[in-house]
Amino acid sequence: MPASILEEVDHLLGAVSTRRTSTRLGCPSCGFAHVAQVLGDNGGISYVCMARGHSWS
């Protein structure tokens, strides 16, 4: 158990920043970070670049 609330906040912020960086996805064509996840034609997962419309799976 942390000795203070500040230690607990530091611990939680560390977990959040780790989660954000580990799940970040970018467009492989242009590198844009805003990507939508969509269902593919055969039930698989596909991705679409929100900047230029590139798509991949």
Side-chain angles (χ1 to χ4, degrees):
M1 180 170 224
S4 72
I5 190 72
L6 293 176
E7 287 181 21
E8 182 65 16
V9 169
D10 285 342
H11 173 72
L12 292 173
L13 289 176
V16 168
S17 67
T18 300
R19 187 176 308 152
R20 283 184 187 160
T21 57
S22 64
T23 59
R24 185 165 292 166
L25 180 66
C27 177
S29 297
C30 66
F32 194 71
H34 295 279
V35 172
Q37 184 178 12
V38 295
L39 285 176
D41 293 337
N42 298 324
I45 303 290
S46 295
Y47 303 94
V48 177
C49 172
M50 301 303 288
R52 298 198 175 112
H54 302 129
S55 61
W56 69 98
S57 53

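Being a predicted model, the structure only gives us computed values, none of them experimental. Position 1 is the first residue of the sequence, and the numbers go up from there.
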Does V48 reach the side chain of V35, with side-chain heavy atoms less than 4.5 Å apart?
no

Which atom of C49 lies closest to which atom of W56, heavy atoms considered
N-CZ3, 3.8 Å

Where Q37 and Y47 come nearest, the two heavy atoms and their spacing
CG-CE2, 3.8 Å

Residues that H54 engages under ring pair (Phe, Tyr, Trp, His ring centres under 6.0 Å), provided they are two or more places apart
none

S57 OG to L39 CG distance, which is reported to the nearest 0.5 Å:
12.0 Å

Check whether I45 and L25 end up in the same hydrophobic cluster, where Ile, Leu, Val, Met, Phe, Trp and Tyr are linked by side-chain heavy atoms less than 4.5 Å apart.
yes

